Number of protein chains: 2
Amino acid sequence: MSTKYQVVANAIRERIENGTYKIDELIPDQNALAQEFHVNRLTVKKALDGLAAEGLIYKQSGLGTYVRGKIPFITPHDVSVNDFGGAFHHFGEEHIQSKVISFDVELPDERIQKNLSIKHIDPVYNITRLRIVDGKPTVLEHTYMPVRLVPDLEREHVDTSIYTYINETLGLKFGGAFRKFSAFGASGDDIKYLEVEEGSPILEVEQLVWLSNGKMIEYSTSRNPGNLRSYTALNVNNF
Amino acid sequence: MSTKYQVVANAIRERIENGTYKIDELIPDQNALAQEFHVNRLTVKKALDGLAAEGLIYKQSGLGTYVRGKIPFITPHDVSVNDFGGAFHHFGEEHIQSKVISFDVELPDERIQKNLSIKHIDPVYNITRLRIVDGKPTVLEHTYMPVRLVPDLEREHVDTSIYTYINETLGLKFGGAFRKFSAFGASGDDIKYLEVEEGSPILEVEQLVWLSNGKMIEYSTSRNPGNLRSYTALNVNNF
DNA sequence: GAGTGGTCTAGACCACTCT
DNA sequence: GAGTGGTCTAGACCACTCA
């Protein structure tokens, strides 16, 4: 919130949301915006690049910058791959409830060592949680995190939001994530906890998250009953 | 391939791939690279920003720029959401075969009108294709495209690669895509064409693609048997 | 304190689109 | 030709990390 280009980006985002800049219409050109905000044109461009990456606007060299309309097939149930809030933040405190099925510390097997780039002597948390949204079992999460990077993780954090603990208490920043989407038939724990029938479709997200310093902090799988949740992803081309 | 930052980015990408810059090690700093390539430091920074967005490197202010290691759980079967090649390009001409199930021109219903941002009088192609990879039915694609944007689409293009026709013959560029991943149980056409059993898990990708001029060019759904294909997505955080 | 990447400026030229 | 966004430069200052 402190850099100039973020201030400019937020101001423009606000104008798009409140309708000052209308869908499919041109917004003022970069020079005009630079004058208005008393910044250099490059600073405006950087702000617009960010909004374009979010999908809010699109630019055409020689013409100008347009506001993009909403994507029709997004619903509030869908989870965007493009933000890092975590489930707690997405659904809101009032709607989400977590049932901790297991919360252990153990030494990692070879697969976990590889994914988290750690040695066999580095302990990891092994956490299984059932996320209940508005009373409905919605996600079964299986999470591994290196103890070294997330010291003193308490039951209390696991009950609510581990991401809040990592971001706000430890002051760590996420650098990025890699995700893999697959479809499976429900088995074992899915049937037990998600209250679905054997073989019914499950959307699995396998996920590797790293910090801004490049260290791997989380390897997890999330299993969602097919009818309850979808994931969305936005991609903008720049070549 | 023509701008300076692309030249620099490609040179650095090459050095990472051929091992000149090693995994988890620092690459030369921005000033050194700027000197070497005879460009300004900002140009180097822009090149590095691009490589960081691709996930190849990560930067830490105050320390330097590191080469990121490979993500362990990617397999060659997985399709990356982060590129725009199309199925034909991904699998290679030798491995992929397309069976055109239907190829019609019709007037769009309300759902298609909304997704493609067109009127009811604008005709669309309605194409159903079965993609066969190495002899195995792998994807059932259902595609809508506005006739106005893709004139003179011939059976020949549908048999091979529509993307090649759009990019190379029509000279159009993709601007971005929005995708939604869901899990379903196989039904109707899935059973018939993908040779799977009723109710077996299907990974569906619903997709909206637009051109660099902002116009919607494709609305499609792709259905993959759960055991055959996964999708991967990379996200880098910048706030 | 030295070195790193991040931000910002003023000014320039280019490629592109429309009239 | 006028106006748009894209690229590039030279130079400056900042925040951050490590010794």
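All figures in this text were calculated on a predicted structure; none of them were measured in a lab. Reminder, nothing fancy here: chain letters follow the sequence lines and each chain counts from 1.
- Nearest-nucleotide mapping onto DNA chain D: of Leu42(A) and Thr65(A), the residue sitting toward the 5' end is Thr65(A).
- Out of dT7(C), dT4(D), dC13(C), the shortest distance to the side chain of Arg41(A) is found at dC13(C).
- Lys4(A) places its NZ atom 12 Å from the C1' atom of dC13(D), with the value rounded to the nearest Å.
- The aromatic rings of Phe181(B) and Tyr231(B) lie tilted to each other, with the angle between the two planes from 30° to 60°.
- Checked against dT7(D), dT9(C), dC18(D), the side chain of Leu63(B) finds its nearest nucleotide in dC18(D).
- Separating the CG atom of Leu51(B) from the C1' atom of dG5(C) is a distance of 15 Å, rounded to the nearest angstrom.
- No side-chain N or O of Thr143(A) forms a donor-acceptor pair with one of Ser220(A) less than 3.5 Å apart.
- Counting only heavy atoms from C-beta on, Lys59(B) has its side chain closest to dG5(C) among dT4(D), dA12(C), dG5(C).
- Rounded to whole angstrom, the span from the CG atom of Asn40(A) across to the P atom of dC8(D) amounts to 17 Å.
- Distance, Phe37(B) CZ to dC8(D) C1': 16 Å, rounded to whole Å.
- For the pair Asn31(B) CG and dG3(C) P, the interatomic distance rounds to 11 Å; values are reported in whole Å.
- Checking the phosphate oxygens (OP1, OP2) of dT17(D), no side-chain nitrogen or oxygen of Ser61(B) falls inside 4.0 Å.
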task = Check the pair Lys4(A), Val7(A) against side chain to side chain contact (heavy atoms under 4.5 Å, CB included), reporting the backbone distance first and the verdict last.
result = CA-CA 5 Å; Lys4(A) 290 195 186 183; Val7(A) 171; 5.6 Å; no

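- Under the Watson-Crick or G-U wobble criterion, with both distances below 3.5 Å, dC16(C) is paired with dG3(D).
- Among the nucleotides dG5(C), dT9(D), dC8(C), the one closest to the side chain of Thr3(A) is dC8(C).
- Following rounding to the nearest Å, Leu211(B) (CG) and dT17(C) (P) show an atom-to-atom distance of 13 Å.
- In this structure, Val205(A) and Arg229(A) have side chains that are not in contact, with every pair of non-hydrogen atoms separated by 4.5 Å or more.
- In this structure, Asp29(B) reaches the sugar-phosphate backbone alone: every heavy-atom distance under 4.0 Å involves primed, P, OP1 or OP2 atoms, never a base.
- Contact annotation for Lys46(A): backbone-only contact, meaning every heavy-atom pair under 4.0 Å involves sugar-phosphate atoms and none involves a base.
- The phosphate of dT7(C) has OP1 or OP2 within less than 4.0 Å of a side-chain N or O from Tyr5(A).
- Side-chain atoms of Lys180(A) come within 3.5 Å of backbone N or O of Phe73(B) as a donor-acceptor pair.
- Residue Gln30(A) has its side chain nearest to dG5(D) when only dG5(D), dA12(D), dT9(C) are considered.
- The separation between Leu26(A) atom CG and dG5(D) atom C1' is 12 Å, rounded to whole Å.
- Each of Gln60(A) and Leu48(B) has a nearest nucleotide on DNA chain C; the 5'-most of these lies closest to Leu48(B).
- When the C1' atom of dG5(D) is taken as reference, atom OH of Tyr66(A) falls 12 Å away, rounded to whole Å.
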